[in-house]
Amino acid sequence: MTDVLNPVGENSTDVPEYPMARAAGCPFDPPPELRTKQEAGPLAKVRLWDGSMPWLVTRYADQRALLADPRVSADITRPGYPSSAPIRPGSSSISFILMDDPEHARLRRMVTAPFTIKRVEAMRPTVQKIVDDLIDDVLAGPKPVDLVEAFALPVPSLVICQLLGVPYSDHDFFQENSKTIIKRDASPDDRTAALSRLAAYLDDLVGAKLENPGDDLLSRLAERVTAGKLSRQAAAQMGVLLLIAGHETTANMIALGTLALLENPDQLAVLRESDDPKLIAGAVEELLRYLHITHNGRRRVALEDIEIAGHVIRAGDGLIMPNDIGNRDPEAFPEPDRLDLTRDARHHVAFGFGVHQCLGQPLARMELQVVYGKLYRRIPTLRLAEDLSQIPFKHDGSVYGVYRLPVTW
């Protein structure tokens with residue numbers, strides 16, 4: 001007979017708040033309380049900012065199963081959805097990643113083409129030149145240098161600007177507003193204002209593409225607007241999503257990955273001493289697994305009663321699948337807390353799983369392969385210019401990373 005799991009009682013004050021804090025001195029590891037919950041069982045209750053108590057799904061296999069399960073919804077407007085922040089009624093900022101099919105699939109198809117593996121591989125020489133030029137600039141400049149400002153942020157920003165058709169000269173504007181949007185403790189008013197500024201900026205760009213189209217993604221969206229298949233507001237909103245996702249996540253992976261490698265010199269040597277594309281591609285997968293920079297968890301709401309490991313999640317219950325602890329599940333990855341660039345980690349859930357898995361993952365993978373395969377060979381003596389304890393980490397954002405990374409060589 002199936003049981004209904006309620007380990008602490010829904011009114012219990014023992015239910016921990018989510019997200020949880022990482023341990024001091026362990027910047028690459030998931031919060032210790034997440035480990036405790038995973039060891040205790042497949043499900044646990046957590047408390048969110050609004051007092052609601054969704055289920056935390058702790059184990060890798062269960063996370064993948066639920067992310068691919070049509071009985072769960074990604075629709076943020078459904079009652080019970082465990083939102084990470086207040087959502088204003090009728091908000092126009094809700095993107096297709098927070099919708100269900102068929103609308104999710106209809107909108108996603110409009111922006112899929114540039115992210116196919118074939119199209120992404122065609123961009124590799126361009127990305128290689130961007131990386132080479134930026135390394136040249138770093139080597140020609142003063143030491144020490146902030147690798148975030150000089151390299152990690154410009155690489156994906158230049159790439160996504162070129163792909164979308166956004167002027168890179170505006171990068172200060174969209175990077176500043178992106179920071180506010182993904183900052184965990186930003187007020188709803190500040191987050192809404194930043195979204196509005198970015199939406200207005202992209203709306204103007206879509207308008208310009210309507211008049212003078214180019215060979216870029218915003219121009220393709222403008223064509224959909226002209227054909228009556230997409231509203232101009234929706235086109236601008238999709239541009240906001242792609243612009244933020246296209247540079248924030250990859251930039252943080254570049255900087256945090258470099259820091260993790262500098263703290264693991266034996267693994268850094270693996271990359272520095274090889275130009276084997278397969279080894280570099282495998283190293284990228286392991287760094288994605290190990291670092292899990294999106295630490296707010298994939299969120300869903302159950303549409304039906306669902307049994308997990310002998311327990312029942314009721315229809316209407318919120319679900320959170322933290323990929324950080326999923327990627328450190330010893331049942332899926334032996335010795336999960338060890339960074340091992342030679343392991344097969346490609347089945348990680350850093351990009352999610354199922355129909356909502358990250359649209360831009362081929363581009364992110366290619367950019368990281370170019371960066372990790374080149375940076376440490378071009379600057380073999382790269383090292384931290386400050387002690388690890390002085391590095392400021394982004395504990396306050398929905399995307400984890402470092403605010404600055406002072407390095408020298």
Side-chain angles (χ1 to χ4, degrees), residues 19-35 131 134-135 137-139 141-157 175-176 178-180 182-186 247-272 283-284 286-296 323-325 327-328 337-341 350 364 367-368 371-372 374-376 378-409:
M20 298 150 177
R22 295 173 190 248
C26 300
F28 307 123
D29 292 340
E33 199 163 2
L34 273 183
R35 293 176 184 275
V131 169
L134 286 168
I135 294 176
D137 292 344
V138 167
L139 288 170
K143 296 185 286 187
V145 65
D146 177 7
L147 199 73
V148 172
E149 196 68 28
F151 183 76
L153 196 50
V155 170
S157 296
Q175 286 170 359
E176 190 60 35
S178 296
K179 288 177 186 174
T180 301
I182 65 174
K183 192 174 181 181
R184 187 180 291 165
D185 60 356
H247 76 273
E248 281 290 349
T249 49
T250 306
N252 282 289
M253 264 305 299
I254 291 172
L256 193 64
T258 297
L259 179 55
L261 290 167
L262 293 175
E263 291 297 302
N264 291 270
D266 60 324
Q267 297 303 299
L268 176 60
V270 171
L271 276 174
R272 195 171 49 217
V284 166
E286 169 66 351
L287 284 161
L288 286 165
R289 179 200 72 83
Y290 182 75
L291 293 173
H292 42 77
I293 61 164
T294 55
H295 59 173
N296 252 357
N323 60 314
D324 46 4
I325 198 65
N327 282 338
R328 296 290 187 99
D337 296 334
R338 183 167 62 88
L339 178 64
D340 177 4
L341 299 189
E367 290 180 80
L368 294 173
V371 167
Y372 292 149
K374 179 66 74 170
L375 179 61
Y376 321 116
R378 289 281 312 274
I379 315 179
T381 58
L382 190 75
R383 62 186 186 277
L384 278 181
E386 294 181 11
D387 188 81
L388 179 65
S389 63
Q390 302 301 311
I391 305 298
F393 288 88
K394 294 181 176 178
H395 296 289
D396 58 346
S398 57
V399 178
Y400 188 59
V402 294
Y403 282 107
R404 60 183 180 84
L405 188 63
V407 295
T408 190
W409 52 95

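Excluded from the calculations below are hydrogen atoms, water molecules and symmetry mates; all remaining heavy atoms, backbone and side chain alike, are included. Quick caveat: nothing in here was measured; it's all calculated off a predicted structure. Numbering of residues begins at 1 and proceeds along the displayed sequence.
- Remark: Arg272 fails to qualify as a cation-pi partner of Tyr372 under the 6.0 Å distance and 45° angle criteria applied to the six-membered ring.
- Nearest heavy-atom pair across Leu134 and Pro154 is CD1-CB, 3.9 Å.
- Under 4.0 Å is where a charged nitrogen must lie from a carboxylate oxygen, and between Asp29 and Arg22 no such pair does.
- Residues Val155 and Thr250 are not in side-chain contact: their nearest non-hydrogen atoms beyond the backbone lie 4.5 Å or more apart.
- Between Val131 and Leu375 there is no side-chain heavy-atom pair separated by less than 4.5 Å.
- The residue from Thr258, Leu256, Asn252 that alone fulfils the side chain to side chain contact (heavy atoms under 4.5 Å, CB included) condition with Val402 is Leu256.
- Separation of atoms CG (Leu382) and CG (Leu262) is listed at 5.5 Å; rounding is to 0.5 Å.
- Annotation: side chain of Leu261 is in contact with side chain of Leu341 (closest heavy-atom distance under 4.5 Å).
- The environment of Glu149 atom CD is sparse: at most 12 non-hydrogen atoms of other residues, nucleotides or ligands sit within 6.0 angstrom.
- Not a single donor-acceptor pair under 3.5 Å links the side chain of Lys394 to the backbone N or O of Val399.
- Closest approach of Ile254 and Pro156 over heavy atoms only: CD1-CD, 4.1 Å.
- Here the straight-line distance linking atom CE of Met253 with atom CG of Leu368 works out to 5.5 Å at 0.5 Å rounding.
- Residues Phe151 and Val407 fail the side-chain proximity criterion, which asks for heavy atoms closer than 4.5 Å.
- Separation of atoms CZ (Arg404) and CG (Leu153) is listed at 15.5 Å; rounding is to 0.5 Å.
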Side chain to side chain contact (heavy atoms under 4.5 Å, CB included) assessment of Gln267 paired with Leu271: CA-CA 7 Å; Gln267 297 303 299; Leu271 276 174; over 6 Å; no
Derivation and outcome, side chain to side chain contact (heavy atoms under 4.5 Å, CB included), residues Leu339 and Leu291: CA-CA 9 Å; Leu339 178 64; Leu291 293 173; over 6 Å; no
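- At a threshold of 4.5 Å between non-hydrogen side-chain atoms, the residues Arg328 and His292 count as touching.
- Nearest heavy atoms, Ala350 versus Asn327: N-ND2, 3.5 Å.
- When all heavy atoms of Leu139 and Arg378 are compared, the pair lying nearest together is CD1-NH2, 3.6 Å.
- Residues Pro406 and Glu386 share a closest heavy-atom pair of CG-CD, 3.6 Å.
- Without hydrogens or angle criteria, Tyr400 side chain to Phe393 main chain gives no donor-acceptor distance under 3.5 Å.
- Side-chain atoms of Ile391 and Leu384, non-hydrogen and from C-beta on, do get closer than 4.5 Å to each other.
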From CA spacing to verdict: side chain to side chain contact (heavy atoms under 4.5 Å, CB included), Trp409, Val138: CA-CA 10 Å; Trp409 52 95; Val138 167; 3.6 Å; yes
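- The closest side-chain heavy-atom distance from Phe28 to Asp337 is not below 4.5 Å.
- Closest of all the heavy-atom pairs between Val148 and Ala255 is CG2-CB, 3.8 Å.
- In this structure, CG on Asp324 lies 10.0 Å from CZ on Arg35, to the nearest 0.5 angstrom.
- At a threshold of 4.5 Å between non-hydrogen side-chain atoms, the residues Met20 and Ile325 do not count as touching.
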